[in-house]
Amino acid sequence: MREESPESQHNRQPDRARQSQACDADPQEAVQSQPAIEPAEPAESADEPTAAPAQVPVVAVVLAAGFGTRFDAQNPKQLVAVANKPVVCWSIEAFEYDPRITDIVVVVNPQVRDEVERLVDEGGYAKVRAIIEGGAERVDSTESALQMLADFGIPQDAKVLIHDSVRPFVERSSIDGCIDALDEFDAATVAMASTDTILITEDLGERKVVHAVPDRSDMFRAQTPQAFRFKTIRHAYELAARDPDFHPTDDTRVVVDYLPDTRVAIVAGSESNMKITTQDDLEMVKRFAFEATRKRAVDRVQGMVRPDEA
């Protein structure tokens, strides 16, 4: 992104400030040059007039660091256009236009970083506070984001929603469902009820055989976002880091495996919230673009209206 002088950094509006930051940057320098995600205001004392409860930050972490070798190693899928808009922009806008989201962090790999920075600048995505580099695996990218949030002093009770950028058409109802679920639970995940019977298998020589057939009514297909109170997901990753066999493929798995007493609520997903993995998937998601455009236009207008004006 553009380099700015200290004077222009000081004069710009805090809610529009962004800084690109590598994961190995000095946290103290980053804190000095970028406004931290603001913690909630302290509650008033009992002697003062009662005010509305303070709101904690609601941070969306958009993971766009995958290299997508199954898609096209020379053409990163997060930059491929669907209905004339890059996939990563569709995902960022899902959170940008939701008035309940306060901040966005985008995690990228070096291959796409410059282009994502340009797209964020051109799109005017005011909630994007930082673009940071992730790691070799998905969990590495999540850990990078969590470390950045910790360095900036995010409140322990902040709500963090972690989303795959290659699920460009997540519904606002799923995002808001995660935010609401965290009022009751410390973790939640968007998921779709399975319409297929799921088979649990085991190895028998070179062939897989059926070991069990669980009740289909209990089977769900995980989607994103996956949402957590910051202290919960941070602690789960701290415990997981001590395990040499730690190789989960999503963040809910980290909580389930390392904080087994923590209940993870299910939030309703949608067919439109599918993940782009192959070229065939890209063709399938194109049919969701028109409806997403209509819904997000409404979200954008509603987000411009203060609650007392609605």
Side-chain angles (χ1 to χ4, degrees), residues 61 63 66-71 77 135-143 146 160-171 173-175 177-178 180-182 184-229 232-285 288:
V61 175
L63 300 178
F67 285 92
T69 54
R70 285 179 289 176
F71 183 84
K77 58 188 175 182
E137 298 182 8
R138 186 186 190 282
V139 292
D140 299 320
S141 296
T142 297
E143 286 186 302
L146 295 177
V160 179
L161 281 65
I162 304 172
H163 184 65
D164 295 331
S165 71
V166 289
R167 293 184 184 272
F169 299 121
V170 58
E171 297 274 353
S173 59
S174 294
I175 295 173
C178 284
D180 290 336
L182 292 181
E184 183 178 357
F185 297 86
D186 288 331
T189 184
V190 176
M192 285 280 292
S194 177
T195 57
D196 296 319
T197 296
I198 303 299
L199 305 178
I200 298 176
T201 66
E202 61 184 349
D203 291 328
L204 185 63
E206 297 182 354
R207 185 182 294 274
K208 291 281 189 181
V209 297
V210 176
H211 173 71
V213 183
D215 190 334
R216 189 173 66 187
S217 64
D218 293 327
M219 298 295 104
F220 283 75
R221 293 183 286 121
Q223 297 183 336
T224 65
Q226 297 178 352
F228 313 89
R229 291 286 183 170
T232 299
I233 189 63
R234 178 74 165 159
H235 184 44
Y237 266 92
E238 287 171 347
L239 294 174
R242 305 170 191 170
D243 183 355
D245 298 322
F246 169 54
H247 294 293
T249 56
D250 75 349
D251 303 297
T252 295
R253 175 74 180 273
V254 182
V255 171
V256 170
D257 283 1
Y258 297 98
L259 294 176
D261 293 333
T262 299
R263 299 295 186 182
V264 182
I266 295 293
V267 175
S270 64
E271 291 294 342
S272 65
N273 191 23
M274 65 176 290
K275 182 179 181 180
I276 300 172
T277 303
T278 67
Q279 294 281 352
D280 291 339
D281 296 332
L282 182 62
E283 292 302 314
M284 291 180 65
V285 299
F288 300 118

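Annotation: side chain of F246 is in contact with side chain of V139 (closest heavy-atom distance under 4.5 Å). Within the 4.5 Å cutoff, the side chain of R138 has heavy atoms near those of the I162 side chain. At least one side-chain heavy atom of V209 sits less than 4.5 Å from a side-chain heavy atom of E202. Side-chain contact between T142 and L63 is present, with at least one heavy-atom pair separated by less than 4.5 Å.
Scanning both residues, S174 and V267, for their nearest heavy atoms gives O-CG1, 3.7 Å. Smallest separation of non-hydrogen atoms from A236 and L259: CB-CD1, 3.8 Å. Nearest heavy-atom pair, K208 versus T201, reported as atom, atom and distance to 0.1 Å: CD-OG1, 3.6 Å. Pairing each heavy atom of E143 with each of Y237, the nearest pair is CG-CD2, 3.2 Å. Of all the heavy atoms in A222 and A191, the pair that sits closest is CA-CB, 4.2 Å.
The side-chain contact (heavy atoms from CB on, under 4.5 Å) test with Y258 is passed by exactly one of V254, V256, T262, V255: V254. Shown are N273, V190, I175; of these, the side-chain contact (heavy atoms from CB on, under 4.5 Å) with H163 is made only by N273.
Under the 3.5 Å distance criterion, the side-chain polar atoms of Q226 are matched with a main-chain donor or acceptor of D251. A side-chain donor-acceptor contact under 3.5 Å links D140 to the backbone of E137. The closest donor-acceptor contact from the side chain of D281 to the backbone of T278 lies under 3.5 Å. Judged by distance alone, the side chain of T189 and the main-chain N or O of I266 form no donor-acceptor pair under 3.5 Å. No donor-acceptor distance shorter than 3.5 angstrom exists from the side chain of K77 to the backbone of V166, with no hydrogens or angles considered. At distances below 3.5 Å, at least one donor-acceptor pair connects side-chain atoms of S141 with backbone N or O atoms of G135.
Expressed to the nearest 0.5 Å, how far CD of Q223 lies from OG of S272 amounts to 8.0 Å. Summarising the geometry, atom CG belonging to D257 is positioned 10.5 Å from atom OG1 belonging to T252; distances are rounded to the nearest 0.5 Å. Taken to the nearest 0.5 Å, the CG atom of D164 stands 4.0 Å off from the OG1 atom of T224. Atom CZ in R221 sits 13.5 Å away from atom NZ in K275 (nearest 0.5 Å).
By the 6.0 Å contact criterion, CZ on R263 is open, its count of non-hydrogen atoms from other residues, nucleotides or ligands being 12 or less. Annotation for M219: atom CE counts as buried by contact number, over 12 foreign heavy atoms lying within 6.0 Å.
Between R253 and D250, none of the side-chain N atoms (NZ, or NE/NH1/NH2) sits under 4.0 Å from a carboxylate O, so this pair counts as no salt bridge.
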From CA spacing to verdict: side-chain hydrogen bond (donor to acceptor under 3.5 Å, both in side chains), D215, S217: CA-CA 5 Å; D215 190 334; S217 64; 2.9 Å; yes
